[in-house]
Amino acid sequence: MTKHWLLNNLFGVAFSIGGIESLVLPNFQIGFILLWGLFFYDIFWVYGTDVMLTVAKSVDAPIKLIFPINLFVDEPNFSMLGLGDIVIPGVFIALCLKYDVDKTILKLRNTGAKDFSF
């Protein structure tokens with residue numbers, strides 16, 4: 001084995017966090033369209049064909065998180081989760097968090113609060 005699954009996952013999580021930080025959705029409508037698009041994309045390309053599984057297994061890069069199913073054997077089997085399944089919902093969650101923070105700040109301003117620290 002040339003690489004360890006923990007190191008692969010460490011890089012995958014770092015890339016996911018970077019992707020979530022760099023992508024910004026302008027509004028909820030775009031977020032809903034993006035999530036529905038990912039839903040249908042997964043149904044067709046992941047569950048309907050074996051293209052995504054073949055690509056994910058053949059590319060030797062941290063584009064997926066891999067977890068051993070049976071850790072204490074010589075040749076463990078792995079379960080995979082693509083980074084797109086983390087980043088796209090994560091971007092929508094970041095939009096929801098921004099909405100909540102903006103709404104709280106507006107509420108504090110309207111009540112006359114001087115300190116906006118959380």
Who pairs with Asp102 by side chain to side chain donor-acceptor pair (under 3.5 Å), at least two apart in sequence or on another chain?
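Only Lys98 meet the side chain to side chain donor-acceptor pair (under 3.5 Å) criterion with Asp102.
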With sequence neighbours excluded, tell me which residues meet side chain to side chain donor-acceptor pair (under 3.5 Å) with Lys57.
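Testing Lys57 for side chain to side chain donor-acceptor pair (under 3.5 Å), a comparison that skips the adjacent residues, returns none.
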[X] and [Y]: which non-hydrogen atoms are nearest, and at how many Å?
X: Asn70; Y: Val73; result: O-CG2, 3.4 Å
X: Gly84; Y: Pro89; result: O-CD, 3.8 Å
X: Val46; Y: Met52; result: CG2-CG, 4.0 Å
X: Val91; Y: Gly19; result: CG2-O, 4.4 Å
X: Ala56; Y: Lys64; result: O-NZ, 2.9 Å

Residues, nucleotides or ligands: over 12 heavy atoms within 6.0 Å of Phe67 CZ:
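Atom CZ in Phe67 is packed in, count exceeds 12.
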So with a 6.0 Å cut-off around CZ of Phe28, is the heavy-atom count from everything else above 12?
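Enclosed.
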Report the residues that fulfil side chain to side chain contact (heavy atoms under 4.5 Å, CB included) with Asp85, sequence neighbours left out, ordered by chain and then residue number.
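For Asp85 the side chain to side chain contact (heavy atoms under 4.5 Å, CB included) partners, ignoring immediate neighbours, are Leu38, Asp42, Leu81.
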Value rounded to 0.5 Å, distance of [atom1] in [X] from [atom2] in [Y]:
X: Ile88; Y: Leu83; atom1: CD1; atom2: CG; answer: 11.0 Å
X: Leu95; Y: Ile20; atom1: CG; atom2: CD1; answer: 12.5 Å
X: Leu10; Y: Leu7; atom1: CG; atom2: CG; answer: 6.5 Å

List for me each residue that meets ring-ring contact (aromatic ring centres under 6.0 Å, His included) alongside Phe32, sequence neighbours excluded, and say none if there are none.
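Counting only residues at least two positions away or on another chain, Phe32 forms a ring-ring contact (aromatic ring centres under 6.0 Å, His included) with Phe92.
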Can you list every side chain to side chain donor-acceptor pair (under 3.5 Å) pair that touches residues 8-28, not counting sequence neighbours?
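Non-adjacent pairs meeting side chain to side chain donor-acceptor pair (under 3.5 Å): Lys3-Asn8.
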Side-chain heavy atoms under 4.5 Å apart, restricted to Ile/Leu/Val/Met/Phe/Trp/Tyr: what other residues fall into the cluster of Phe40, or is it alone?
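Hydrophobic cluster check, Phe40: joined to Trp36, Phe39, Ile43.
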